[in-house]
Every structure is written in structure tokens, then in C-alpha cells.
A.B. asks: 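For reference, the structure I am asking about is given below.
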Amino acid sequence: MKYQSQKVAYAYFMVAMGLFAIQVLGGLLAGWIYVWPNTLSELLPFNIVRMLHTNALIVWLLLGFFGAAYYLVPEESERELFSVKLAYIQLAILVVGTLGAVGSYLVGIHGGREFLEQPLWVKFGILVAAVIFLVNISLTVLAGRKTAITNILLMGLWLLSLLWVFAFINPDNLSLDKMYWWFVVHLWVEATWELVMAAILGYLMLKLTGVDREVVEKWLYVIVALALFSGILGTGHHFFWIGTPGYWQWIGSIFSTLEVIPFFAMMSFAFVMVWKGRKNHPNKAALLWSLGASTVAFFGAGVWGFLHTLHGVNYYTHGTQITAAHGHLAFYGAYVAMNLAMFTYAMPHLRNRDPYNQVLNMASFWLMTGGMAFMTFVLTFAGTIQTHMQRIVGDYYMDVQDQLGLFYLMRLGSGAVVVLGALLFIYATVVVRREVIKPGPAAVPGE
Amino acid sequence: MSEILTKSRARNVFYGGSLFFVVVFVAMTAHSHRYIVKTSTAGMELTDAVRLGKHVWERHSCINCHTLHGEGAYFAPEVGNVMTRWGVLDDAEGAYEMLNGWMEAQPSGVEGRRQMPHFEITEEEMRGLAEFLRWADQTDTQNWPPNDAG
């Protein structure tokens with residue numbers, strides 16, 4: 001850690017990991033309810049559990065992004081953050097907002113637009129926090145060295161914050177509501193968040209592989225160009241059946257098919273950099289997470305996205321467990337794993353010691369990744385059967401669901417493995433202090 | 001390739017191209033907005049009852065179990081075409097009766113069945129919700145879903 005103010009990332013990462021635990025436990029409970037549906041059905045109905053699961057995910061990923069920015073921007077800009085105090089105030093607002101949202105969900109106060117259920121005051125809190133963040137980071141970057149990594153990171157964070165404005169716009173016309181809702185949801189995860197992800201990946205590659213900055217940054221611009229060129233009009237794949245014009249079926253099919261390319265480019269980028277790099281960085285777990293994240297993102301967001309994105313296919317699969325399969329692996333690979341890569345890289349510096357307990361951390365990678373992969377497979381099978389029975393044969397929804405019990409049981413099992421992996425990751429990152437393995441003899445001290 | 005594609009060229013392509021796609025997207029969205037208002041949802045008036053129904057739908061977070069036009073959670077049936085399934089798409093009173101009867105009977109309490117919570121909803125709100133679901137059902141969704149099962 002070269003700059004004192006990078007330390008604020010520590011608090012962000014700790015809160016993020018706390019919410020990560022809540023998110024996966026909420027997911028486990030939801031998976032349990034699929035198998036034993038009478039559980040808590042009056043006290044804590046499924047819709048509330050799901051809100052906690054999805055909202056906790058989104059908030060902790062954002063906290064991870066904020067923390068990552070606070071960690072890497074001082075190094076990239078070669079100066080201290082504009083204000084450490086503002087960064088802590090921002091975190092406090094987000095923590096209060098999160099606790100407020102959780103509390104109000106539990107007593108039944110919430111909105112009803114999926115993922116944007118936060119009460120209005122929490123939405124404003126998020127807006128204020130985002131503005132504080134942007135001011136703080138932008139002033140730091142403007143005063144210091146400008147790099148492609150901070151350029152792309154800032155652009156992603158500015159745009160995603162601007163898009164948050166659509167969280168406040170809720171037209172009475174349901175089809176309009178849905179169309180603008182995707183301005184937040186799609187243009188976050190399939191456009192602006194990809195910029196953030198690419199910037200973080202670029203930074204990690206720079207640090208872990210020692211490849212020349214010029215090479216990394218040129219690749220980065222190519223990747224984010226591919227992401228936005230495909231992702232912006234790729235929004236069309238959500239405009240097939242919500243009352244929008246028919247031309248979106250072709251625009252959406254073509255451009256969202258192209259969305260596979262930036263994920264393939266990110267995966268190739270990561271592997272090529274590691275092959276080219278001469279540096280033997282001691283933090284092997286961070287390298288594993290970086291390569292793993294870009295690989296799983298390619299399969300989850302890229303391959304599983306393509307699986308049901310052509311409108312002729314989507315006509316039958318839309319809103320089935322196929323969507324759930326894709327959603328889980330895409331979020332895990334692209335955003336969960338990339339955040340965990342950053343935590344794994346930065347935490348040893350933030351806690352002022354060498355990379356440690358790599359074995360436990362790496363075990364948690366395989367537990368989580370294996371669990372998520374298995375969950376994706378079983379949900380894909382469940383979704384295939386559901387699509388056939390419900391959309392082709394025309395059997396009623398609940399009759400079909402009754403046939404899928406075995407898959408939901410296996411999904412619960414794989415979910416339990418993911419929870420185990422997540423808790424192990426947190427334990428390995430936060431608690432263990434003992435060095436488990438010695439660095440290899442050829443190790444060159446990292447930055 | 002490295003001589004042709006320099007970092008600054010890659011950056012310029014990124015900025016220029018992104019701006020181009022944003023402009024195209026905004027133009028298409030503006031057209032779609034108009035199309036939704038004038039064509040696809042114009043089959044039934046967006047009354048105060050429909051508005052109220054949408055708020056009822058949101059206040060109880062129905063979307064986190066059900067899908068509506070295929071979007072939402074996958075824990076409970078699609079409701080974008082529920083009025084067609086019940087055969088009451090063009091019958092406001094019948095739609096209310098069916099919906100009210102269904103929701104009054106929840107939760108079923110049957111062991112091993114998914115449970116829909118009981119919601120405290122006034123008659124006016126229930127009528128609004130029925131109107132909202134009828135309004136959603138008559139939207140032109142390019143013939144989705146493929147059949148009445150939703």
C-alpha cells in the first residue's frame with residue numbers, strides 16, 4: 001500500500017463481505033423454500049426473501065466497486081484521495097440506507113419494481129452517496145496522473161450513476177415502466193458495469209503479470225469498445241415481448257449475440273497477459289480469481305446468455321428457469337468473482353502483510369465455482385423441461401413445477417456448497433492470520 | 001496490428017463508436033415510447049383504476065414471485081395473460097370476482113404446495129388490480145406467451 005488513503009477500501013470490503021454473507025444465506029433460504037415451500041410462508045414470504053437476496057447482492061457488488069476504486073485510483077493517479085472523510089461519510093450513508101432497506105423489507109415496506117424495491121429515501125441516499133463518490137474520485141483523478149484504467153473506471157462509474165436516475169422514473173404505463181426499467185438494469189450489468197469490471201481486471205493484470213502498461217491499456221480500450229458497441233443496442237433483447245415494436249427482435253438478437261465477444265476478449269486478455277507476463281507474483285489466489293472470473297463470465301454471461309437470446313428461442317424460454325440459470329452464473333462470474341479477485345489482491349496490502357492462507361482462499365474459489373456451475377447445469381435442465389412442458393405442450397405452470405422437484409433439490413445442494421465456499425472465503429480473508437504456505441523461491445516481491 | 005491499432009486510436013474508436021450507438025439507441029427508444037403509447041397499449045384506456053392497480057401490484061412486490069410479461073421471479077405463474085387464462089379478459093366484473101375469490105382463498109396451507117400470502121386489500125384496490133391485469137393482458141406483446149399456460 002503506497003498511499004495512506006487507500007485504507008478506506010478496507011472498510012468498504014469488510015461491509016461488502018458482510019452483505020455477501022447475507023446475500024448467499026438469503027439465496028440458500030430461497031432455495032430451501034423451493035423444496036419445502038411451507039417454510040416461513042407467513043412470517044417471511046418468498047418475495048421478501050428474494051428481495052433480500054437480490055438487493056444484498058447489488059449493494060455489496062457496488063460497495064466492492066467503490067472500494068476497488070478507492071484502492072486503485074490513488075496508485076494510478078499517484079496521489080492521496082481528495083478526501084478520506086468524504087469516503088467514510090459515503091460509506092456511512094450506504095450502510096444506513098442498506099440497514100434501512102433491510103428493516104423496511106422485513107416489515108413489508110418496499111416498492112415493487114424488481115431490484116429497485118428500495119424505499120424512496122434509500123434511493124435518494126444511494127444518489128447522494130454516488131455523487132459524493134464521483135466528486136471524491138474525479139477530483140483525485142483530475143489532479144493526478146491520468147491512465148486508461150482510471151479513465152474507463154470513471155466513465156463506467158459516472159454512467160452507472162447517471163442511469164440511476166431512471167430508478168426514480170416509474171411511468172403509469174406498464175410497458176413504458178418496463179422499457180425504462182431496463183435502462184438501469186441492462187445498461188448496468190451489460191454495459192457500464194462491464195467498464196468497471198474491465199478496468200479492475202486491467203489493473204489486476206498490470207499488477208499481477210507485470211505486462212507493459214501500453215499493452216494492457218490498448219487491450220482495455222478494445223474490450224470496452226466491444227462491450228458498448230454490442231451492449232447498448234443489445235438492450236433490445238429485453239424489448240422482445242413487453243409491448244415494444246417488433247424490430248427489436250432482430251436488433252436485440254444480433255447485438256446481444258455480439259455481446260459474447262467482449263467477454264471472450266476479456267477472457268483471452270487475462271490468459272494472454274498471464275502467459276506474456278514475466279512476473280511471478282506471490283498472490284496466486286488473486287491470479288486464480290482473476291482468470292476464473294473472466295472465464296466464468298464468458299460462460300455465464302456469454303455462452304449462457306447466447307443460449308436464449310435469439311428471439312426465436314427466447315419466445316419459448318423467456319421467464320423460465322433458463323433465465324435463472326443464466327442470471328446466476330453471469331452475476332457470479334462477471335461481478336462476484338471479479339470483486340473477490342480484487343479483495344484477494346488488496347486485502348493482504350490493506351492488512352499490511354504478505355499474501356496468506358492461499359490454500360483456504362483457493363479452496364473457496366473451487367467450492368463456489370463448482371457449486372455455481374452445478375447450480376447452473378441443474379437449472380438449465382429444469383428450464384429445458386419447463387420450456388417444453390409449459391410453452392410447447394401447454395401444461396399449467398404449477399403442474400410443470402411439480403415435475404421439477406429433483407432439480408430444485410439438487411439446486412439447494414449446490415447452493416449449500418456455494419454458501420460454504422463464501423463463508424470460507426470470508427473466514428480466509430478476514431480471520432486467519434497464520435501463514436499457511438511459504439512463497440516459492442522464484443517469487444519476486446509484488447507491488 | 002500494433003502499428004495500425006495504437007492506444008490512442010483504440011481510445012478514439014471507443015469514444016466515437018459508443019457515442020454513435022448511444023444516439024441510435026436513444027432515437028429507437030424515442031420511437032418505441034411513441035409506439036407503446038399510441039399502438040401496443042392503446043387497446044384499453046389507462047384509467048385511474050389501472051393506475052391504482054399498478055400501485056397495489058408494486059406495494060405488495062408481486063413481481064418477486066410472479067412474472068409479468070415474462071419478467072420477475074420464477075416462483076409463481078405468469079400473470080401477464082392471467083385474465084385470458086381465466087376467460088375474463090373482456091369482463092371487468094368477472095375479472096374482479098375471479099381475482100378476489102382467488103386471493104381470498106390464500107394461503108392454501110396445503111403441505112408441500114407453494115404458499116401465496118394473504119394480502120389485506122380493499123375492494124377498490126382489488127378492482128384496480130383486476131383492471132391493471134386486464135390492461136396488461138391486452139397489451140400487444142408480439143404474441144407472447146406462446147399459449148394460455150403463460
Side-chain angles (χ1 to χ4, degrees), chain A residues 34 36-38 41-42 45-48 50-51 110-114 117 148 151 172-179 214 217-218 221-222 224-225 228-229 232-233 235 238-249 251 315-316 318-321 323-324 390-392 394-398 401, chain B residues 5-7 10-11 13-14 17-18 21-22 24-25 28-29 31-33 35-37 40-41 46 50-51 54 57-65 67-78 107 109 111-115 117 132 135-136 139-142 144-150:
Chain A
Y34 258 92
W36 289 283
N38 303 80
S41 63
E42 315 230 347
F46 182 86
N47 61 341
I48 307 290
R50 185 174 185 269
M51 272 189 272
H110 45 68
R113 296 171 91 202
E114 196 185 4
E117 299 93 348
N151 241 352
D172 290 329
N173 183 311
L174 177 71
S175 292
L176 290 181
D177 166 3
K178 282 176 175 290
M179 188 171 77
E214 278 296 304
E217 298 200 326
K218 185 168 76 181
Y221 278 122
V222 172
V224 293
L228 290 196
F229 294 0
I232 292 172
L233 288 182
T235 316
H238 303 291
F239 293 171
F240 292 165
W241 328 114
I242 59 170
T244 26
Y247 55 68
W248 285 111
Q249 290 176 17
I251 301 280
Y315 183 65
Y316 294 101
H318 182 48
T320 63
Q321 295 296 330
T323 319
Q390 191 179 319
R391 296 285 164 70
I392 312 262
D395 290 334
Y396 282 114
Y397 178 88
M398 277 315 299
Q401 292 298 310
Chain B
L5 188 69
T6 59
K7 189 173 93 180
R11 186 190 60 213
V13 168
F14 166 59
S18 300
F21 283 108
V22 167
V24 172
F25 180 70
M28 289 179 74
T29 311
H31 176 265
S32 300
H33 184 118
Y35 174 86
I36 287 169
V37 175
S40 66
T41 65
L46 213 171
V50 175
R51 282 190 191 92
K54 187 165 184 281
W57 166 265
E58 288 170 358
R59 191 162 67 243
H60 298 287
S61 192
C62 310
I63 198 81
N64 274 295
C65 287
T67 47
L68 178 56
H69 298 336
E71 294 169 1
Y74 318 110
F75 188 69
E78 165 69 28
E111 194 61 34
R113 290 291 287 187
R114 293 182 192 172
Q115 299 297 310
F132 170 66
W135 189 92
T139 300
D140 176 5
T141 53
Q142 308 285 330
W144 194 90
N147 56 49
D148 290 353

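In the text below, chain A, chain B and the rest are named by the order of the sequence lines, each starting its count at 1.
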A.B. asks: Would you say the side chain of T29(B) lies within less than 4.5 Å of the side chain of T235(A), judging by non-hydrogen atoms?
C.D. replies: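 Not touching, per the 4.5 Å side-chain cut-off.
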A.B. asks: Are the side chain of Y397(A) and the backbone N or O of A76(B) linked by a donor-acceptor pair below 3.5 Å?
C.D. replies: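 Pair found, side chain donor or acceptor close to backbone of A76(B).
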A.B. asks: Determine the option with the most heavy-atom pairs under 4.5 angstrom with chain A, choosing from C62(B), C65(B), P107(B).
C.D. replies: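 When all of C62(B), C65(B), P107(B) are compared, C65(B) has the most.
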A.B. asks: Under 4.5 Å between any side-chain heavy atoms of F46(A) and R114(B), yes or no?
C.D. replies: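 Counting from C-beta outward, F46(A) and R114(B) never come under 4.5 Å.
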A.B. asks: Give me the atom names and distance for the closest heavy-atom approach of N38(A) to G109(B).
C.D. replies: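 Closest pair (atom of N38(A), atom of G109(B), distance): ND2-O, 4.2 Å.
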A.B. asks: Return the CD to CD1 distance between E71(B) and I242(A), rounded to the nearest 0.5 Å.
C.D. replies: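 Spacing of CD (E71(B)) from CD1 (I242(A)) equals 5.5 Å.
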A.B. asks: Counting heavy-atom pairs under 4.5 Å with chain B, which one of A148(A), P245(A), P45(A), G112(A) comes out on top?
C.D. replies: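 Option with the top pair count is P245(A).
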A.B. asks: Restricting to non-hydrogen atoms, name the atom on M51(A) and the atom on S61(B) that form the minimum distance, rounded to 0.1 Å.
C.D. replies: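 Reported closest heavy-atom pair: CE-OG, 3.3 Å.
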A.B. asks: Can you tell me which of S40(B), P117(B), P77(B) forms the most heavy-atom pairs within a distance under 4.5 Å of chain A?
C.D. replies: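 Option with the top pair count is P77(B).
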A.B. asks: With respect to chain A, which residue among R51(B), R59(B), E78(B), E58(B) yields the maximal number of heavy-atom pairs within a distance under 4.5 Å?
C.D. replies: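 Between R51(B), R59(B), E78(B), E58(B), the count favours E58(B).
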A.B. asks: Checking I48(A) against chain B: side chain, backbone, both or neither under 4.5 Å from a heavy atom?
C.D. replies: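 No part of it gets close to chain B.
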A.B. asks: What part of E114(A) gets closer than 4.5 Å to chain B, counting heavy atoms only: side chain, backbone, both or neither?
C.D. replies: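 The answer is both parts of E114(A).
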A.B. asks: Against chain A, label L46(B) side chain, backbone, both or neither, depending on which of its atoms sit under 4.5 Å from a heavy atom there.
C.D. replies: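 Side chain only.
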A.B. asks: Relative to chain B, which of Y396(A), F229(A), W36(A) shows the most heavy atom pairs under 4.5 Å?
C.D. replies: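 Winner by heavy-atom pair count: F229(A).
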A.B. asks: Tell me, do H60(B) and N47(A) make a side-chain contact under 4.5 Å, heavy atoms counted?
C.D. replies: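 A side-chain contact under 4.5 Å is absent here.
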A.B. asks: Ignoring hydrogens and geometry, is there a side-chain-to-backbone donor-acceptor pair from K54(B) to L174(A) under 3.5 Å?
C.D. replies: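 No.
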A.B. asks: Are the side chains of R113(B) and M398(A) in contact, using a 4.5 Å heavy-atom criterion?
C.D. replies: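 Touching, per the 4.5 Å side-chain cut-off.
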A.B. asks: Is there a side-chain contact between W241(A) and H69(B) (heavy atoms, below 4.5 Å)?
C.D. replies: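 Not touching, per the 4.5 Å side-chain cut-off.
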A.B. asks: Please round to the nearest 0.5 Å and tell me the distance separating atom CE of M179(A) and atom NE2 of H33(B).
C.D. replies: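 Result: 6.5 Å between the selected atoms.
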A.B. asks: So, do S32(B) and F239(A) sit near enough that their side-chain heavy atoms are less than 4.5 Å apart?
C.D. replies: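 No, too far: nothing below the 4.5 Å cut-off.
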A.B. asks: Sort out for me which of K178(A), E214(A), H238(A), Q321(A) touches chain B most, counting heavy-atom pairs under 4.5 Å.
C.D. replies: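 Among the listed options, the one with the most contacts to chain B is K178(A).
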A.B. asks: Might you point out which heavy atoms bring E217(A) and K7(B) nearest each other, and give the distance in Å?
C.D. replies: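 Looking at all heavy atoms of both residues, the shortest contact is OE1-NZ, 2.6 Å.
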A.B. asks: Can you tell me which of N64(B), V22(B), T139(B), N147(B) forms the most heavy-atom pairs within a distance under 4.5 Å of chain A?
C.D. replies: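 Of the candidates given, the most pairs with chain A belong to N64(B).
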A.B. asks: Are any non-hydrogen side-chain atoms of T67(B) and H318(A) less than 4.5 angstrom apart?
C.D. replies: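 Contact flag for T67(B)/H318(A) side chains = no.
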A.B. asks: Starting at CD of Q142(B), measure out to OH of Y315(A) and round the result to the nearest 0.5 Å.
C.D. replies: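 It is 10.0 Å, given to the nearest 0.5 Å.
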A.B. asks: I'd like to know which of I36(B), V50(B), I63(B), V24(B) tops the heavy-atom pair count under 4.5 Å against chain A.
C.D. replies: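 Among the listed options, the one with the most contacts to chain A is I36(B).
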A.B. asks: Do any N or O atoms from the side chain of R391(A) and from the backbone of G150(B) form a donor-acceptor pair under 3.5 angstrom?
C.D. replies: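 Yes.
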A.B. asks: Pick whichever of L228(A), D172(A), N151(A) has the most heavy-atom pairs under 4.5 Å with chain B.
C.D. replies: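 Looking at each of L228(A), D172(A), N151(A) in turn, D172(A) comes out on top.
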A.B. asks: Mind listing the closest non-hydrogen atom pair of L233(A) and F21(B) along with its distance?
C.D. replies: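 Minimum heavy-atom separation between L233(A) and F21(B): CD1-CD2, 3.6 Å.
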A.B. asks: What distance do Y35(B) atom OH and Y247(A) atom OH have between them, rounded to the nearest 0.5 Å?
C.D. replies: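 These two atoms lie 9.0 Å from each other.
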A.B. asks: Any side-chain heavy-atom pair from V13(B) and Y221(A) closer than 4.5 angstrom?
C.D. replies: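 Of all side-chain heavy-atom pairs linking Y221(A) with V13(B), none is under 4.5 Å.
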A.B. asks: Side chain from CB out, backbone as N, CA, C, O: work out which of these in S18(B) comes under 4.5 Å of a heavy atom of chain A, or both, or neither.
C.D. replies: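 S18(B) touches chain A through backbone and side-chain heavy atoms alike.
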A.B. asks: Measure D395(A) against the heavy atoms of chain B and call it side chain, backbone, both or neither at under 4.5 Å.
C.D. replies: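 The backbone, not the side chain.
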A.B. asks: State, to 0.1 Å, how close S41(A) and Q115(B) come at their nearest heavy-atom pair, and which atoms those are.
C.D. replies: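 Answer, listing the atom of S41(A) first, then Q115(B): CB-CB, 3.6 Å.
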